[in-house]
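Report on the following structure.
Each chain gets a letter, A, B and so on, in the order its sequence line appears, and its residues count up from 1. Worth knowing before you read on, the calculation uses all heavy atoms, side chains too, and leaves out hydrogens, waters and symmetry mates. The structure presented is a predicted model; accordingly, all values stated were derived computationally and were not measured.
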Amino acid sequence: MSILEVRDLTVTFPGGIEAVRGVSYEVERGEVLGIVGESGSGKSVTSLAVMGLLPQNAVVSGSVKLHGRELLGMKEDELVKVRGKAISMIFQDPLSAFTPVYTIGDQIAEAVRVHQKMAKDKAAKRAVELLDLVGIPNPNLRAKAFPHEFSGGMRQRAMIAMAIANDPDLLICDEPTTALDVTIQAQVLEVLKTAQRETGAGIVMITHDLGVIAGMADRVLVMYAGRPVEQGPVDDIYYRPRMPYTMGLLASIPRVDGEEGPLVPIEGNPPSPASLPPGCPFAPRCPMKVDMCDDEEPPLTPFGGGRHVACIRAHEIEHKGLTGADVFPVPVIPPSDVVRVPRTERATVLELDGMKKHYPLMKGAIFKRRVGTVFAVDGISFDIAEGETLALVGESGCGKTTTLQQIMQLEPPQDGRVVVLGKDSAKLDKTARKALRGDLQIVFQDPMAALDPRMPVGDIIAEPLRAHGRKDVAAKVAELLRLVGLAPEHAERYPQQFSGGQRQRIGIARALALEPKLLVLDEPVSALDVSIQAGVINLLEELKNRLGLSYLFVAHDLAVVRHLADRVAVMYLGRIAEIGAVANVYDRPAHPYTQALLSAIPLPDPEMERTRKRILLEGDLPSPADPPSGCRFRTRCPKFARLSEAERRRCVDEEPSVARLANVVDHGAACHYAEEIEVITASDNQEEE
Amino acid sequence: MRSKVVFRRLLRNKQARYGFIALLLLVALAYVGPYFGAYDWQEKDFMAFMSAPDADHWWGTTSIGQDMYAVTLRGMQKSIIIGLLVAVISTGVAAIVGAFAGYFGGWVDKVLMWGVDLLLVLPSFLIIAIISPKLRDGTWWWFVVLLAAFSWMITSRVVRSMTLSLREREYVLAAVYMGIPRWKIILRHIVPNLASLLIIDATLNVSGAIIGEAALSFFGFGIQPPDVSLGTLIAEGSRNATGYPWLFAFPAGLLVALVLSVNLIGDGLRDALDPGSNS
């Protein structure tokens, strides 16, 4: 029997904004239901409504039954008994989910004592047990630590410990791993699976990451504009989607095992909940739209095999066996002329040679003394040839951003050399530096923060032009807006009148204003929704080929990197672990860290997710202020653990430098015992089998 | 482009429109109004002391027989100028000092904040009291400068701390990487993003300056008798506010109207600058 039964749930906010418009689902014991959707699709609001955590002014109707007991309209003091006891929630941001002034142990013990009669010392003991269960090392000690002393991954584990403290029947996880790095994400997902095994609870997993859902969920609910548009077993949804939106979504994600070529974007933006289109909400973006779609919104109808689809053409899709790539137009991106020239004969646009950036660690209020050094970037070297994209990947804290800032500042580095377009940054005077800035521009990660909210878009794009004394600014602004796929009339609007993807296009237009040769992309698509992301990636690829740009692309999403980059450098704790052509690094990673990183990426493919073996890394990134001696990765290295005592000696004593692997031209790894293995089976191979 | 867009939004804003009209009417009243009155502000009517408003003396008379209408308008001329100038100068100084200290950091920050702290501990009232007799023969300009000089420090500290967080924003970094000079970044990106705070501060400063000027005048500094200002009139009138309400009501009412109109303009300007508002 089902634990939770939601029927026709609607949530309306003041001003007639219908955030959720009729959601129905049920969750069985031990089952994982995945709710997928883009931002604004109402997936989080749905779960908050179930928990009764919406603000007072939200009007909720429908029915939410837990074990047959109606939760909607229940009195607050009764609801309190249910919350945290029968239903628990795991939030996205683990830092803000803990009170900073109490220890983790106290907070978990409190959660226990709220719902169970238990002595204080017993509750504290239970808290330690729970921390142990979620895999926190030294739980006795760590229970006495404060939230800020925990790393992001540890906090999320503690959050899970708190959520399962009272053996809940249902766990609601709202984007539980979105804020975490991939290797940590893999750990946390593993813990979630353990937690589910221990408690036998049903899980509602809300996320935008189709890879995570593929590995976790039994059934999937796809939401769009506040309504479920498709619902069914995970394999059906992934392999046989019958609603164009789901098809587009699956086709638009770049895959780490995927082949090259343009991605399939879904045109347009999700509709605003305040002004929904008359018929099917997806109709304005749907390539399969017919006139009937505008007449009325299709209801979610049973489709056989436990599936529900809200599309009038679902049977036709089924009959013809259409896939996302058939339905959605695949854009054509002109090839680049530059790449025909061999790499060695092309000019080098950026060269880093043993660059270092160390920050002093100071202590004391008035008399500051140096107590240590943060080795943020500790001697990295790479180069980018003309027309090439080099991706710098690594987890947070590995020094990607510092490297990038050091390059952008064009100041002499502490050690080593930064050479941009043949000019050494240490030998630049003021005018030369300003002139060089025109050739080196940046696109930031967060399209909201990167544009001055108080400036009209026209001024934002014109700013670099005016700063470098260009004439005819207005015409150039219009041209740039057209180049990135926006209308010149948009120049008088403010950034916040645009959606995330459009804002990122404005950021790209600004970066291109001075016609740079090298563009630094700092996580340009990580803040965007999947369907929008594909469009921006395609734009970047097209611009590169048309304008002959070179990119330094910083990212943590390895799937996007595989798609966009020619070469990739994997960073770990301020050093490069592995570098080489994308095909070499992805198909035959040689460094144990790269192997773990690649194996941690969830694939949007349920079959492969079930059969894949993960290389799970132990623990967190060590502090860059106190890196391990010798090889920096050895404390977490799965290979190090298997080595003999004598072999280990070398890892501890000697720091490996990037060495070229014997059999290929462009592939190097910084490991004494590098050995190429295949971590991801290519998807086309899979099909052949 | 920004100035054009902001100006258009300002004109479209209802509040700002009413505010401007009200302010224009008040200024017109202050400068044109006296020509319509029957009496000059220095004239004394010995037939009517403390007389209530009537057809002859529209707003009544004072204890020495001055016509309230003429006197109030005379006072308002001074107060409008002092209030607006002090507000603009002190908020401007606060914004510039705070933003430069916060953005540049290092010794610039130390020197500027040291100056701010020094001005904060010095009793401003005492200093103005000491200096103003020496400037008695000087113009009222000095008075405006002094009032402004002692009213910007707290705002500048707030501006500085807000700048510290704005400095790390990506759009400021983007401007740096474009090669834009730092002072331009401050004026173009930092100060406009503090606009809400600065506008509220400036509108508060208008009434603050007018009342503050009255307090000083009350002690014999600033505007000296026989000359008058709204502040001195209010201070004097408030003593007899219950028995002879016209002595208090007219100057106080005009002050309220003045501050209100400035507030309306301020709100309108804030909305025009803030793209988040839909008006």
Side-chain angles (χ1 to χ4, degrees), chain A residues 401 404-405 407-410 430-469 473-474 477 491-498 503 506-507 510-511 513-514 516 520 522-523 527, chain B residues 1-13 95 99 103 105-107 110 114 159 162-163 165-199 269-279:
Chain A
T401 309
L404 204 139
Q405 280 174 352
I407 295 168
M408 288 309 295
Q409 275 164 6
L410 292 176
K430 222 175 163 186
T431 43
R433 185 170 295 137
K434 188 171 172 184
L436 194 54
R437 289 207 188 282
D439 288 326
L440 173 68
Q441 282 294 313
I442 184 165
V443 176
F444 287 100
Q445 170 178 17
D446 182 354
M448 194 66 231
L451 307 175
D452 188 338
R454 300 260 160 147
M455 259 199 186
V457 165
D459 269 352
I460 290 176
I461 298 175
E463 196 174 16
L465 294 167
R466 294 203 181 109
H468 286 256
V473 170
V477 168
E492 282 197 7
R493 295 204 204 151
Y494 285 99
Q496 63 175 40
Q497 286 162 291
F498 295 90
R503 269 186 238 134
I506 295 166
R510 172 177 65 184
L514 293 170
V520 173
D522 184 5
E523 308 251 10
Chain B
M1 183 164 302
R2 166 150 65 185
S3 44
K4 235 181 8 188
V5 173
V6 168
F7 187 67
R8 214 171 334 123
R9 288 170 63 104
L10 190 63
L11 286 188
R12 248 187 287 144
N13 190 299
Y103 187 74
W107 63 267
K110 283 215 176 88
W114 186 77
V159 167
M162 288 172 80
T163 307
S165 72
L166 285 178
R167 183 172 69 169
E168 307 296 325
R169 295 284 166 90
E170 284 179 346
Y171 55 80
V172 175
L173 277 181
V176 174
Y177 294 153
M178 275 171 221
I180 291 170
R182 296 205 270 184
W183 61 271
K184 249 190 198 164
I185 293 178
I186 292 178
L187 294 185
R188 208 183 282 164
H189 293 290
I190 307 254
V191 174
N193 277 291
L194 299 169
S196 310
L197 167 85
L198 295 176
I199 288 167
L269 192 60
R270 190 197 57 206
D271 285 350
L273 280 171
D274 179 11
S277 71
N278 358 321
S279 52

Looking at A/Arg466, A/Met408, A/Gln405, A/Met448, which has the largest count of heavy-atom pairs under 4.5 Å with chain B? A/Met408
A/Gln497 versus chain B, the contacting section by heavy-atom distance below 4.5 Å: neither
Which one, A/Arg510, A/Arg493, A/His468, A/Arg433, leads in non-hydrogen pairs under 4.5 Å with chain B? A/Arg510
Sub-4.5 Å heavy-atom contacts with chain A: which residues of residues 192-199 of chain B show up? B/Pro192, B/Asn193, B/Ala195, B/Ser196
How long is the span from the CG atom in B/Asp274 to the CD atom in A/Gln496, to the nearest 0.5 Å? 7.0 Å
Residue part contacting chain B, namely of A/Glu463, when any heavy atom lies under 4.5 Å: both
Using a heavy-atom distance cut-off of less than 4.5 Å, which residues of residues 168-178 of chain B contact chain A? B/Glu170, B/Tyr171, B/Leu173, B/Ala174, B/Ala175, B/Val176, B/Tyr177, B/Met178
Which one, A/Ala467, A/Gly458, A/Gly438, A/Pro453, leads in non-hydrogen pairs under 4.5 Å with chain B? A/Pro453
Side chain / backbone / both / neither for A/Pro456 at chain B, heavy atoms under 4.5 Å: side chain
Heavy-atom distance under 4.5 Å to chain B: side chain of A/Leu451, backbone, both or neither? backbone
Say you draw a straight line from OH of A/Tyr494 to CG of B/Leu273; how long is it, rounded to the nearest 0.5 Å? 7.0 Å
